[in-house]
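Down below is the structure, laid out as structure tokens.
Model, not experiment: these values are computed from the prediction. In the text below, chain A, chain B and the rest are named by the order of the sequence lines, each starting its count at 1.
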Amino acid sequence: MLDYMQFVLAPQMLNGFAFGIAIVLMALGLTIIFGLLDVINMSHGEFFAIGAYAGVVLLASGVNFWVAVALVPLLMLPVGVLTERLLVRQVFDSADRHTLTLLLTLGLSMIFYDGLKMVFGPNPLRPDNPIPGGIEVAGVFLPAYRMFLIFLGAAIIAAVWAIIYKTSLGAMIRAAAFDRNMASSLGVPVSAVYSATFAFGTALAGLAGILLAPIFSVFPTMGHEFIVIAFTVVIVGGMGSIKGAVLAGLLLTQVQAIASLIISPVWTDPILFGIMVLVLMFRPQGLFGRLGHG
Amino acid sequence: MSSADDIVLETRGLSVNFGGLRAVDNVDIAVRRGGITSIIGPNGAGKSTFYNLVTGAIRPTAGKVFLEGREITGTPTHKLSAMGLSRSFQITNLFPQSTVFENLRLAAHALEPWSLSLLPVGRAKRAEAKAEALVERFGLGSKATEMAGHLSHGEQRRLEIAVALACDPKILILDEPTQGMSHTDTEEASRMVRDLSKEITIVLIEHDIDIVMDLSHTVVVLAQGRKLAEGPPAAVRANKDVQTAYFGAH
Amino acid sequence: MLEIRDLHSHYGFSHVLQGVNLTLRPGECVGLFGRNGVGKTTTMRAIAGWIKQISGSITYNGQEIGGLASNAICRLGIGFVPEDRRIFPGLTVEENLKLGLMQTAGRSGAQEAAALERAYDLFPRLKQRYRQMGTTLSGGEQQMLAIARVLVGDQKLLLIDEPTEGLAPQIVDEIFAIMRKLKSEGHAILLVEQNVKRALDITDRICAMERGRIILEGDGNSQADRDALMKAIAV
Amino acid sequence: QDIKVGALPPFTGPFASIGQVIKVALDMRAAEINAAGGIMGRKVVLVYEDGESNPATATQRAEKLFQVDKVDFLTGTVHSGLTLAVGQVAERNNRLLATTVSFSNAITGDRCSPNVFRVNPSAGMQASALALWAADFKKGAKVYYLGPDYEMGRSTIAEFKKEAEKLGATTAGEVYAPLGAKDYSQFFGQMRAARPDVLYMSTGGTDSVRLLSQLKEYGLTNMKLIGNSAAVTSDNLDAMGNAAEGFITSGNYSTLIDTPANKVFAEKFKAAAKIEANLYAADTYTVLDFYKAAVEKAGSVDADKVRAAMRGLAWDGVAGKKVMRAGDHQAIQDMYALELKGKTYHPLAKVDGEKAAGPDLCTKW
Amino acid sequence: MADDGSVTTSAPRSAGATAAVRAYAQERIEWRALNIASIVFFAGAVAFGVAYGLKGDTFYLRLATEALIFGAVALSVDILLGFAGLLSLGQALYFGLGAYAGALVLKQVSESFWLVMGVSILVGVLSGLIGGLIAIRARGVYFALITYGLAQIVAKVIYNTRELGASDGITGIPIVNVSFGFWQTKADNPAGFFFVVLAVIAIIYLGLLYLSGTPFGRALSGVRINENRMPFLGYRPDRLKLAAFVLASTIASIAGGLYPMLRGFVSPELMYFDASTNAIVATMIGGTGTLIGPLYGSVILVFLKSMIGTITTHQIMVIGALFMIVVIFFPRGLLGYLREIVVARSRTKDGGGP
Ligand SMILES: Nc1ncnc2c1ncn2[C@@H]1O[C@H](COP(=O)(O)OP(=O)(O)OP(=O)(O)O)[C@@H](O)[C@H]1O
Ligand SMILES: Nc1ncnc2c1ncn2[C@@H]1O[C@H](COP(=O)(O)OP(=O)(O)OP(=O)(O)O)[C@@H](O)[C@H]1O
Ligand SMILES: [Mg+2]
Ligand SMILES: [Mg+2]
């Protein structure tokens, strides 16, 4: 029994945790863009993929991994700004802009996906693990890179949360999200705030892309493969809630880890979905409501 | 006069908490059939919250609500409308992308039996006649085919009342109906409310004290969630507490 | 200070403003009156830059502001209290209020704190509720917040649309007192108000509006003009 | 008049990389055949449509190929379900289809069709060939199974397990991860605890990349890795770095199989496709030879005549002789256990094709 | 109140006409454009069927049949989106369930067209009830994502179920004989089956057209526009949404039932996200809330996809671009614009608003 706890359950939960942080990192950009701009960004997965491919290209051209980690989010900023200015903004005044932006970004994701495949080919790529090896604690093996991810991820999440809830910049962003005209009349440069927010969400996706590339590999369909779980996390947590995304991300990956152990991995997806349905039944707005509602 | 049959709407010990704030605190009110009962009070006294409790939009922390002697605490909103309780909203709450006429027809249709809802519109004459009458009665004739969302604020306020009326209520709760209406419109609106009160019981929340004093047979004063005074307008007006809490140096 | 010439605006098929002409001088309070739906709010929104489909000219201190973004207009010193309050739902009362500080750039932290303090003094109720979410305030409280939010800025021209709507008499008194004080401090005010009688106490000039035009302009202190106004808007 | 051959490879979707290989191989062989005078003096013209790995789209496009383009023969399908659905379209249009990649047993088993042929080895053939090797590798080896949780992943494991246990292997554990699983580390705890000698994997594509690189990340390197032929191929090999070194599978092809045809083919393919030739390339390349031989034998492109000619037809594949079994339309060929060294599969042992194929289970004709 | 509120407006009231009469007149104008479009559609379809039938064509007739079948799925998307304001990202689920039900009936019970129709209606109603009870609790985008998840999960389960052919799907579905008593045809008769499907779609279309004018249809619009106010009028928005959901799933399921007759197989891919998005694209191209629009959209999309598949392997990119072009430049869709033009014309004739 103790053996089981030590060699099976504990590593399982730890792995679940590392994976959870990874997913939260991805969900973070998604939830911010929704919470602040009211846009379901279906191309978020492709932004994630673009980040990963950008990383692969940088590494292949001899850039150091850590430099690439710093560069990729910066490279993603213009992608985000352009997407917001050229596309999302076009339908922003429409009454059903929820639907329209969803469909718009869906279309964009198709183009990005196909474009990535055209440029990089359909085969998977993978950058080398920058910190191979690991440490063994009480018979449990902890890969170094995953430990690093846990800490970096947690730091990023905390920083994002603080910016949005604890700074006046955050209040400005949230105000612009709720009422464009009024915020603008109070002097908030709404148009710039929107672009910046979208770009920020995009940069987060790209960052997640390169950070996860050594573990999960890089391939054209990676975007929509990861987006499903990211959406589940965001829905359960409450669209637009950072707290919710973190909690749901960690919770769901733990459930997944443990369910795959004691039931069967086959059932993990239906179980996650079942949780999503249950949460929505009792709290249609997710565990936590929209950004800003606490 | 005070026989139980005469009480249309009654609350007993109605209370609700928002976090630490007791927004409505142990309120007992009995609304008699016919005429107008007004609820007044300073801003944030809990008037709208009281309405929300009565109409089922919020669940009370404690206390009960009765409609014609039947307990309706916690009854879903749609059933309350079927039972004859209708309300207008302080903050306009219409169907902005529908025409004015459609807003009214939709409201008028609601109480038709379900079986009728699959028959095409041409046959549901009753609802239509009602919508038609309301359009005229509220002076929205020239706007009947406009989108409700395109009306000016004051026009929307008028439509708001009309929609609430279209449900054929026995008791109509109006939340600041004249808010945002121009002076002449306000006068007309109050005339109209008086006319209405001949057919149905009206509960009115209003800050325009002249209207309140003029129309109501009973005035209830709320302050800080509690009932401060209740009685005929003149008596309430003379009440010292009410004067300090509400009227100020007017 | 503010000069509107032949302003037209359309909402889809409807031609709402049909040539508005209006002038506002520094430190002056102009009342804009009229029945529902004549275009008072639309005029205000056009000045504040909320409506883009306009023609004609709006100049502020000689600068054309028609077509500018709302935040640019705000930065020129125009503050706007819209008729439907527009409190930000996800922000606390205090956050709502602090956002108003953005209207005026370049103030020191201490000046901003003083501005907040003054707003709280004007509306102690807001101070009690400062951590509550903005839209859970009662209707009247929201109105106070909407006004206070603009007052924490240092705007020279204030557009105020039906500020006393939904307020208890006591508060209405306070609001008028505040507007009078603002005027004495040198703020220009464009006021839309249904409570014409009370509004006349503070207006220097009065305009009656009908069908998208200003049909009458007069001196706020002349009884004859007041009578004409009452007649014009009480059709 | 030209002979039109239709092809429905997936250019989009999860199998897009295989689609690319198919196109290169077909183009290459068609050009060679045409240069050598075509089939019965007629030029071979390839007509491509994207099969998209979606049977619904593919059936519609197959109809187009048959009805509008009037192709005489169809190939290039990958996804097994798609092959089955398109096979039915072929049947209804009375045209012939040969697959070179789909390995679901059903295609030549309980869902065999008189109009459908398979040039490549079935899943069953691969499993039994590998099991024969595993029995020699270590007597009573403890095998841990890991596969994607869907029909193919499970049946491939079941197939192998059946054969391996017959030959004395034992099962240390068995786990099915969702298809497209992101993180396999969650299975490593149990796997480590079970201490297997051999890990059999039936993953494919990027799943294999993640599985193998994560195994390495967690230092789980002290067991022999084996798996089905789609697990590690030249498509996904690059992404694995050296994590797949020593991986063993079974198949009918390796660039090192020593036939004169293979030498030429392997080099030429690599030059054209920029990746090393793999089993898909070899089998697709050879399908045109199969068709050519049949048409020439039948003296016509008429489906019924060609079918009759195909049954029992023996021809030279890239890596050896193939015989189309008349009873179930499955090509019989020698199988090898193959070990990955560097980027190349090295043949370890040869397994007799007839033995690997097992009995003919088709009862349709 | 003043009997004439026209202080606020300069528009003269049409002499004597009551508000109801004018409201109707305006609605009629809005629908007139659509009704003409639907007559053109069905007349065109019949002409096409006759012409190509006489020509003895197979491919195009069968492609058109497929376009009609997918058109019904798009119609079901339109019921939810255009009427109740619910964006379903998983409408293919119900199509797929109908298809599987049809396939199983044909293969294992009886080769009866009518039985398949009956069973697919039943399956549509039941699955719609279950799916609806789950999904309608969520609002707005949550609804969209729930329907998406629901379809993903069920498709995955089917993908894993050996009894349903798992990833290989079900093949070998017999060719049915469709008999209307006075006329009969077989599913592999391209023209004959085209007309069968056309008839089914026409019936569905007319039914929906009728519904759109009933109080039920109007109440659905009320839900779309302001769901929160509905209970205060005495409506139950959840019931209305559920009814719309079941209606939509039933129509998708009927379309599903027709599919295996046409193509002879079913596979899990029928329920995939791609299939759902195609239905949405078709709806958007044609115009949401127009009913006939989705049918136009579906025909355009199916033929376009068939063509670009031959020209380029980057169809995904083309479809994606099409998506974006439609959303940005024609968010109301083909027929949405047609309607708008007609309405604008009639407005200028009447003199317009204030
Ligand atoms: N959801 C909530 N959470 C916290 N406090 C609330 C909530 N809703 C209302 N309140 C508080 O309860 C008090 C009563 O509000 P209510 O809206 O009932 O006042 P009211 O009497 O209608 O005022 P007004 O005349 O200004 O409309 C207010 O102080 C308000 O801030
Ligand atoms: N978004 C809109 N779309 C179309 N028409 C509109 C819109 N907003 C206002 N209108 C129309 O413009 C006219 C003027 O509206 P406005 O809100 O400016 O009136 P107002 O004078 O402020 O009235 P109130 O006193 O009722 O607030 C009204 O007739 C109204 O129907
Ligand atoms: Mg209130
Ligand atoms: Mg106004």
Side-chain angles (χ1 to χ4, degrees), chain A residues 34 38-40 42-43 46 86-91 94-118 220 224 227-229 231-232 234-236 238-240 266-267 269-274 276-286, chain E residues 77 80-82 85-89 130-131 133-146 148-157 159-160 224-225 238 273-274 276-277 280-281 283-284 288-289 312-329 331-332:
Chain A
F34 177 78
D38 229 0
V39 171
I40 295 271
M42 298 298 276
S43 50
E46 272 60 38
L86 299 182
L87 300 176
V88 175
R89 188 158 294 189
Q90 305 300 320
V91 297
S94 160
D96 40 19
R97 67 163 208 255
H98 265 144
T99 313
L100 293 184
T101 49
L102 190 150
L103 297 177
L104 199 57
T105 50
L106 188 62
L108 185 67
S109 79
M110 293 179 182
I111 292 184
F112 278 150
Y113 155 71
D114 213 27
L116 284 176
K117 210 186 68 189
M118 194 153 70
H224 37 273
I227 197 90
V228 179
I229 174 139
F231 266 131
T232 316
V234 170
I235 293 178
V236 170
M239 277 289 198
V266 189
W267 287 102
D269 278 6
I271 286 175
L272 291 194
F273 186 74
M276 177 164 103
V277 168
L278 277 178
V279 166
L280 286 176
M281 280 189 156
F282 296 103
R283 285 189 65 87
Q285 71 280 35
Chain E
V77 167
L80 289 173
L81 184 59
L86 300 165
L87 173 66
S88 166
L89 293 180
I130 296 169
L133 283 173
I134 295 173
I136 58 157
R137 298 191 150 263
R139 284 192 184 191
V141 291
Y142 290 94
F143 175 87
L145 294 172
I146 281 274
Y148 170 71
L150 213 61
Q152 293 283 64
I153 294 290
V154 176
K156 200 160 188 176
V157 168
Y159 197 81
N160 274 323
R224 179 184 76 231
I225 295 168
D238 49 347
F273 187 49
D274 291 357
S276 294
T277 46
I280 297 169
V281 184
T283 310
M284 294 290 299
T288 39
T312 166
T313 58
H314 296 287
Q315 316 135 41
I316 297 193
M317 202 176 261
V318 175
I319 297 287
L322 184 69
F323 229 103
M324 304 203 329
I325 291 169
V326 168
V327 170
I328 292 183
F329 297 109
R332 260 149 291 190

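Looking only at side-chain heavy atoms (C-beta outward), Leu100(A) and Met284(E) come within less than 4.5 Å of each other. Contact check for Leu145(E) versus Val234(A): no side-chain heavy atoms found under the 4.5 Å cut-off. Between Ile111(A) and Met324(E), some side-chain heavy-atom pair lies under the 4.5 Å cut-off.
Leu86(A) touches chain E through its backbone: at least one of N, CA, C or O sits under 4.5 Å from a heavy atom, while the side chain does not. With a threshold of 4.5 angstrom between heavy atoms, Leu81(E) approaches chain A through side-chain atoms but not through N, CA, C or O. Residue contact with chain E, scored on non-hydrogen atoms closer than 4.5 Å, involves the side chain of Leu102(A) exclusively. Proximity to chain A (any heavy atom under 4.5 Å) is restricted, for Leu87(E), to the side chain, taken from C-beta onward. Only the side chain of Tyr113(A) comes within contact range of chain E, with heavy atoms under 4.5 Å apart. Residue Thr288(E): no heavy atom, backbone or side chain, is found under 4.5 Å from chain A. If you measure heavy-atom distances from Ile280(E) to chain A, the contacts under 4.5 Å come from the side chain alone. Interface residue Ile40(A): only side-chain heavy atoms are found under 4.5 Å from chain E. In this structure, the portions of Leu150(E) lying under 4.5 Å from any heavy atom of chain A include both its backbone and its side chain.
Residues passing the ring-ring contact (aromatic ring centres under 6.0 Å, His included) test with Phe273(E) are Tyr148(E), sequence neighbours excluded. Partners of Phe323(E) by ring-ring contact (aromatic ring centres under 6.0 Å, His included), not counting sequence neighbours: none found.
Residue Ile328(E) comes nearest to Val91(A) through the heavy atom pair CA-CG1, 4.4 Å, listed as atom of the first residue, atom of the second, then distance.
Rounded to the nearest 0.5 Å, atoms CZ (Phe231(A)) and CG (Leu89(E)) are 9.0 Å apart. Between Ile153(E) atom CD1 and Met276(A) atom CE the span is 8.0 Å, to the nearest 0.5 Å. Leu86(E) CG to Thr99(A) OG1: the interatomic distance, rounded to the nearest 0.5 Å, is 9.5 Å. Rounded to the nearest 0.5 angstrom, Leu106(A) CG and Ile319(E) CD1 are separated by 11.5 Å.
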